[in-house]
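Computation of the quantities below employed the complete heavy-atom set of this structure, encompassing side-chain atoms and omitting hydrogens, waters and symmetry-equivalent molecules.
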Amino acid sequence: MLFHKNKDSAWKKSLFFWILLTWLGLQPCLSLADSYMLTGQWFEVTDDTADLATQGPKDTGLIPVLHPASNGGHFLYKADLVLPTNAHYVIDFKNSSVIGRFVHRIYDPEGRELLALHGGIQSREPNPYILRHGRDIMLPAGHYQVVSELESPFFLARPQPYVASLKAYQQSIKPGNAMVLLCYGAMSILMIYYAALGYVRKQVTDYMYALFIFGNLFYNGAALMILPDLMGIHWFYLISFPILFSNIAYVFFVIHLLGINQQKHSVLYRVGRGILYILLAFIPAAVLWPHWSLEFDRYGVGLIMIYGLIAGIRRAWRGHLIAKYYLVAVFAFFIIGSYSITNTEVQGSNTFYIEHFGMLAVTVEMILLALVLARQFALLHHEKEYALTLSEHHLQIARTDALTGLPNRYALDQRLDMLPPEGVLVFIDIDGLKFYNDNFGHKRGDELLCSFSQVVQEAMGEMGVLHRIGGDEFAITSPSGNVSQLESRLQAAMKILHGRGFEFSGMSYGIAHAMESRDGNVLKYLADTRMYANKRERQRGMPQFTKKITTQS
C-alpha cells in the first residue's frame with residue numbers, strides 16, 4: 001500500500017531522535033559544582049522534642065535518623081562548615097527541590113546565631129535564585145556550625161544541604177534551570193496542541209493526552225518552583241494531587257491510541273481496567289492520608305509506564321503500525337521515568353534534581369508522541385491520496401469506453417449540462433460495421449470503430465469532444481456550434497477512414513442545437529431522431545455528404 005512506504009526509515013529516525021534527546025538530557029548531569037559538602041547528622045523533631053530544635057547546634061535529646069522520611073515531617077540537619085576563604089557562598093539542597101519550608105541557621109564556634117535563612121515552596125520569602133532554594137552566605141573564613149531545619153508534608157527525594165562558591169553555584173544551576181524552562185514551555189505548547197486536536201478531531205486519545213500533560217504541568221510547575229517563583233502559587237499539594245488524575249488519563253490514552261478493546265484484546269483490556277481501579281482508589285486514599293499522596297503518585301507512574309510498555313510491545317508484535325512508533329516513545333519514558341521514581345539521590349551532581357529527570361522523561365515522550373501523531377497524519381494523508389487516486393481511476397473507468405478510450409454515455413450526460421446555448425449536439429451512426437463484422441470478423445469491426453474514433457477526434461481538434469454511446473453510435477458536443485465547419489471536418493475524417501481500408505464505411509448523423517432545449521434528454525432525442533432521418537434518406541440511395549441536413553425542423 002502507498003501509505004506504508006518508507007515506514008522502516010521513519011522508525012529508525014524516531015529511534016535515533018530518542019537516543020539523541022536522551023543523550024543531550026543526561027550529558028549535563030556529569031557537571032559538578034565546586035561545592036563544600038557538609039558532613040553531619042539528620043534528626044527527627046517530634047512534638048516532645050520540638051523545643052530542642054531551637055537550642056542551636058546542640059543535639060541533646062534529639063532522635064537521629066539516616067535521612068528525612070518520604071512521607072514528610074519535621075527534621076534537622078546539623079553539620080560543621082569550614083569556609084576556606086573570605087568569599088561569597090551559597091547554601092542549597094541537592095537531590096530534590098520538594099521542600100515545604102526550611103530555615104538554615106549558622107552559628108559561630110561559641111554557639112551564637114549569625115544567620116537565619118528562610119525559604120521553601122510554602123514560604124513567601126523572596127527567592128534570590130529562580131527555581132532554586134539557594135541562600136547567600138557572606139561570612140569570613142573560619143569554622144561554623146549549620147543547622148538546617150526542614151518541615152514538609154512529604155519529600156520526593158532526600159534533600160541534602162551543601163555549600164558552594166557563588167560563581168560555581170551560578171554556573172552549576174544554569175543547565176537545570178534552562179531545561180526546566182524549555183521543557184515547561186514545550187509541555188504547555190503540546191498541551192494546547194493536543195487539546196485543540198481533540199476539539200477538531202473529536203477523539204478521546206487527544207483529550208486524554210492533553211489531560212495527562214495538564215496534570216504534569218501542575219506537578220512540575222509546583223515541584224520545580226515555577227508556580228511559586230513566577231506566579232506566586234504556593235499550595236504544596238499541587239505537587240501530588242494532579243498526578244493522581246493525569247495517571248488515569250494516561251491509561252485511557254494508551255487504550256484508545258492502541259485500539260485495545262474488550263473483544264479482540266481481552267487480556268490487555270482487563271489489565272488496563274484493573275490499573276484504572278487501582279489509580280481511582282489512590283484518590284480517596286490520598287485525601288485521607290495526604291502525606292502519602294506523592295507515594296501514591298510514584299506507584300501510579302510505575303503502573304502506567306509498565307502498562308504502556310507491555311501494551312506497546314504486544315500490539316507492535318501483532319503488527320499495529322502506530323504501536324511500533326508509540327513503543328519508541330514509551331521506551332524512552334520508561335527508561336528515564338524509572339530512574340526518577342526509583343532513586344532518591346542524584347549521585348555526583350548538584351546540577352540536577354530527581355524532579356528534572358521526571359520532567360525530562362515526560363517531555364521526551366511528549367515530543368516523540370508528537371512525531372507519532374505526525375506519522376498518523378502522514379498515514380491519513382497517504383490513505384486519502386490513495387483513495388482519491390483510486391476514486392479518480394474508477395471514475396475514469398466509469399466515464400470511458402473500454403474499446404476506443406473515448407468518453408462514454410455517462411460522460412456525455414455530464415458534458416451536456418455544461419453545453420452553452422450556442423453549442424450543438426451531433427449524433428453519429430456508423431454505416432458498414434455489420435458488413436465488416438460479417439465478412440471479416442469482429443476484430444475487423446473493432447478496428448473500424450477504433451479507426452473512426454481516431455480520425456474523427458483528430459479532425460475535431462478543439463471544436464468538439466467525441467463520445468461513444470454504444471455499439472456503432474457516437475456523439476459530438478461542440479460548444480462553438482459551427483455546423484458547417486463540423487460537417488466539413490466530418491467529411492474530411494471519412495475520406496481518411498476510406499483511405500485506411502474501410503472504403504465500405506459511411507455515417508449518418510443528426511444535429512440538435514442547445515438553444516432548442518436546456519434538457520439534455522430532449523437534445524439527445526432530437527439529435528437521435530434527426531440521425532435516423534438522415535440514415536433513411538441515405539438508404540434510399542442518396543449519395544453520402546451530398547445533401548446538407550437541416551436541423552431546425
Side-chain angles (χ1 to χ4, degrees), residues 1-25 183 186-187 189-198 200-213 216 246-247 249-261 264-265 267-269 271-272 275 301 304-338 360-387:
M1 296 293 283
L2 178 64
F3 53 87
H4 290 310
K5 186 179 180 181
N6 294 329
K7 65 181 182 180
D8 290 334
S9 61
W11 169 273
K12 292 176 182 177
K13 288 178 182 177
S14 297
L15 181 60
F16 172 77
F17 185 69
W18 166 69
I19 294 172
L20 179 62
L21 275 180
T22 304
W23 182 82
L24 290 176
C183 290
M187 290 169 64
I189 293 170
L190 287 171
M191 187 203 69
I192 297 171
Y193 174 67
Y194 281 105
L197 275 181
V200 172
R201 301 200 305 168
K202 308 298 181 186
Q203 290 194 8
V204 176
T205 307
D206 301 323
Y207 282 127
M208 290 298 103
Y209 205 67
L211 286 175
F212 172 70
I213 300 174
N216 276 275
S246 70
N247 287 341
Y250 190 84
V251 176
F252 278 111
F253 161 75
V254 172
I255 290 173
H256 285 86
L257 178 71
L258 302 182
I260 298 171
N261 59 68
K264 295 181 179 179
H265 320 100
V267 175
L268 285 178
Y269 185 83
V271 171
I275 291 174
V301 170
I304 68 171
M305 289 194 306
I306 293 172
Y307 180 68
L309 185 62
I310 293 174
I313 293 173
R314 184 76 178 269
R315 298 292 288 123
W317 184 263
R318 297 290 184 180
H320 193 277
L321 184 60
I322 295 302
K324 294 180 179 179
Y325 294 98
Y326 166 71
L327 193 56
V328 178
V330 76
F331 186 69
F333 183 35
F334 183 82
I335 294 297
I336 308 174
S338 295
L360 180 65
V362 174
T363 306
V364 168
E365 194 210 33
M366 290 175 187
I367 293 173
L368 290 174
L369 280 176
L371 297 180
V372 173
L373 190 62
R375 180 60 180 168
Q376 276 188 304
F377 288 153
L379 290 176
L380 290 174
H381 175 73
H382 288 314
E383 288 176 349
K384 181 181 177 182
E385 290 294 316
Y386 179 79

Query raised in the report: Is the number of heavy atoms from other residues, nucleotides or ligands within 6.0 Å of NZ (Lys264) greater than 12?
Result: no
Requested in this report: Please find out if less than 6.0 Å separates the ring center of Phe334 from that of Phe331.
Outcome: no
Requested in this report: Taking the six-membered ring for Trp and the single ring otherwise, decide whether the centroids of Tyr194 and Phe253 are under 6.0 Å apart.
Outcome: no
Report summary line: Between Gly312 and Leu258, the two heavy atoms sitting closest are N-CD1, 3.8 Å
Report summary line: Value for OH (Tyr307) from CG (Asn247), rounded to nearest 0.5 Å, stands at 14.0 Å
Query raised in the report: So, for Ala323 and Arg315, which heavy atoms are closest and what is the spacing to 0.1 Å?
Result: CB-CB, 3.6 Å
Query raised in the report: Do Gln203 and Tyr209 get their side chains close enough for a donor-acceptor pair, meaning under 3.5 Å?
Result: no
Report summary line: The single option from Leu211, Val301, Val362, Ile304 that satisfies side-chain contact (heavy atoms from CB on, under 4.5 Å) with Tyr250 is Ile304
**Report entry** Value rounded to 0.5 Å, distance of CD1 in Ile313 from CG in Leu327
**Finding:** 5.5 Å
Query raised in the report: SG/Cys183 to CG/Asn216 distance, rounded to the nearest 0.5 angstrom?
Result: 11.5 Å
Query raised in the report: Could you give the distance from CD (Glu365) to CZ (Phe212), rounded to the nearest 0.5 Å?
Result: 5.5 Å
Report task. Working to the nearest 0.5 Å, report the span between CG of Asp206 and CG of Leu257. Result -> 9.5 Å
Query - Criterion side-chain contact (heavy atoms from CB on, under 4.5 Å) on Phe333 and Val364, from CA distance to verdict - result: CA-CA 7 Å; Phe333 183 35; Val364 168; over 6 Å; no
Query raised in the report: Which atom pair, heavy atoms only, marks the closest approach of Tyr269 to Ile260?
Result: N-CG2, 3.7 Å
Query raised in the report: Roughly how far, to the nearest 0.5 Å, is the CE atom of Met305 from the CD1 atom of Ile310?
Result: 11.5 Å
Requested in this report: Report yes or no: does Tyr325 contribute a side-chain atom to a donor-acceptor pair with the main-chain N or O of Leu368 at less than 3.5 Å?
Outcome: no
Requested in this report: Would you check if the side chain of His265 reaches a backbone N or O of Asn261 as a donor-acceptor pair within less than 3.5 Å?
Outcome: yes
Report task. Quick one: closest heavy-atom pair of Gly337 and Ala361, and the distance? Result -> N-CB, 3.5 Å
